[in-house]
Amino acid sequence: MSLENPIHQRLMSACLRLARRHEGLTGTNPSVGTLLVQFHNGEPVVVGRGVTALGGRPHAESVAIAEAGIRAHGATAFVSLEPCSHHGVTPPCAQALIDAGVARVFTAWIDPDSRVDGKGHAMLKAAGIDVQIGLHGHQAERDLAGYLTRKTLNRPHVHLKLAVSRDGKIGIKEDGQIPITGAVSRAQVHRMRSLSDAILVGAGTLRADDPELTCRLPGLEKRSPKRFVLAGNQPLPMNRKLFRDLTHAPTFVVAGENFDEDQRSELSRAGVNLFSAEFHNGTIALPELLDDMAQTGISTLFVEGGSAIASAFLNAGLVDRLSIFMGPAEIGGNGVAAPITEKTVPDDFVLERTMLFSEDRYSGFNRR
Ligand code: AOF
Ligand code: ZN
């Protein structure tokens, strides 16, 4: 079976790595990778490489075909997502592969866009091309999680992050921000921010921590995601860093119908966007909120707390990825208990990896 050939597996891995280069930079389009390969006596020679361009177009296949030129003829294509079959902003990539004379196509995953959804593969097969689907499918599904979740569930892929002390606390009662994890973990969190379309905190976190929620890794400042604060109908403290500097990241306050009118005007004047929320049983209805976010093109949401927000997302079954950073210190009796710790993660999550970030222990989980 071709899917088990180690050379093909390595080439698809390289293709997935290429696709990751524009992760989060292709708008509502997924960042797709394409490699065009000629085999000489069984040895692969890459003749064309493409990744979905910044902003989403041109698509990966046409970039790779342009690079390969005549050498695309008879080549094997490795594409991380099914080539499109629709006439959108660009002509169908499946047709471009056929016209270029590609002999064989490996893809990692089917494109759930209703305009494609198997039709790209069918076009290639109808043209006599050998099509193999699902090479490194599991990895592609994870890499494309934002796009796939938005297309299939009409909501963003949700990544919840918790920083927990050794004794399972996320902060001190009635206190401001206290450092639980160290510099290496914080840099990792900023990297996670940079890969998300949006970041969300509750009003409690805004009040207690006064976070900036931007990506401050050197060179990645422009990768700060949109910032969302869940206010509901409660007034917000206005003298927060988040409202002071809006140049790096558009900022949204999620407000209910009864949110204070004066604050609404004050926020608008300051350049903050109001995002209206529905309520269920006195709390913001998260499924509807996520649906609305997806409608605005948000595919990945990074939830950074606090405790009530984390519990609400977990209880609603709306967490897809979970990152727990455990710091070395103990907070003691005055601490606010974390909704979950490494040891109490629900059964529907699978531990994907653990790492040591200096003195902190990181555990990353994915929902089954
Ligand atoms: C591909 N290769 O590199 C990408 C694809 O608005 P359009 O015309 O750009 O179409 C957007 C759709 O194209 C998107 O929803 C997804 O189905 C597909 N993305 N397809 O063949 C690519 N980025
Ligand atoms: Zn395309």
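For this chain, numbers begin at 1 and follow the sequence in order. Values in this document were obtained by computation on a predicted structure and should not be read as measured data. Start at 1 and go down the list; that is how both ligands and their atoms are numbered.
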Legend entry - Min heavy-atom dist H87 to ligand 1 below 4.0 Å: no

Legend entry - Which segment of C93 sits under 4.0 Å of ligand 1 when only heavy atoms are counted: side chain

Inset, instruction - Show which atoms of ligand 1 fall inside a sub-4.0 Å distance from at least one heavy-atom site of D111. - result: 16 (C), 17 (O), 18 (C)

Inset, instruction - For the residue pair H159 and S196, confirm or rule out a side-chain donor-acceptor distance under 3.5 Å. - result: no

Legend entry - Element-labelled atoms of ligand 1 that are located less than 4.0 Å from some non-hydrogen atom of K151: 15 (O)

Inset, instruction - Find the distance between CZ (R57) and OG1 (T26) and round it off to the nearest 0.5 Å. - result: 9.5 Å

Legend entry - Contact atoms of ligand 1, heavy-atom distance to P83 under 4.0 Å: 21 (O)

Inset, instruction - With heavy atoms of V32 as the reference, note each atom of ligand 1 found under 4.0 Å away. - result: 3 (O), 4 (C), 22 (C), 23 (N)

Legend entry - Atoms in ligand 1 flagged as close to C84, the criterion being non-hydrogen separation under 4.0 Å: 1 (C), 20 (N), 21 (O)

Inset, instruction - Please work out whether the ring planes of F78 and H8 are parallel, tilted or perpendicular, with thresholds of 30° and 60°. - result: tilted

Legend entry - Atoms of ligand 1, numbered as shown, that sit under 4.0 Å from any heavy atom of G88: 8 (O)

Legend entry - Which of the ligand 1 atoms, numbered from 1, are nearer than 4.0 Å to a heavy atom of R115: 10 (O), 11 (C), 12 (C), 15 (O)

Inset, instruction - Just let me know how D113 lines up against ligand 1, side chain, backbone, both or neither, with a heavy-atom cut-off below 4.0 Å. - result: side chain

Inset, instruction - Return each pair, listed once, that meets salt bridge (charged side-chain N to carboxylate O under 4.0 Å, His left out) where at least one residue sits in residues 261-275; pairs must be two or more places apart or across chains. - result: E261-R264

Legend entry - Residue and atom, protein N/O/S, under 2.8 Å of the Zn ion (ligand 2): H59 ND1, C84 SG, C93 SG

Inset, instruction - Name all pairs fulfilling the salt bridge (charged side-chain N to carboxylate O under 4.0 Å, His left out) condition that reach into residues 302-319, sequence neighbours left out, sorted by first residue then second. - result: K161-E304, R193-E304

Inset, instruction - Quick one: look at S31 and ligand 1, take heavy-atom pairs under 4.0 Å, and tell me if it's side chain, backbone, both or neither. - result: neither

Inset, instruction - Please identify which atoms of ligand 1 are closer than 4.0 Å to at least one heavy atom of E61. - result: 1 (C), 2 (N), 3 (O), 21 (O), 22 (C)

Inset, instruction - Return the set of residues passing salt bridge (charged side-chain N to carboxylate O under 4.0 Å, His left out) with R361 (not counting sequence neighbours), or none when no residue passes. - result: E342

Legend entry - Minimum heavy-atom distance between L160 and A310, given as atom pair plus value: CD1-CB, 3.8 Å

Inset, instruction - Taking atom types as modelled, find out whether S13 and H136 have a side-chain donor-acceptor pair closer than 3.5 angstrom. - result: yes

Legend entry - Aromatic ring pairing F252/F228, orientation class (parallel under 30°, perpendicular over 60°, tilted between): parallel

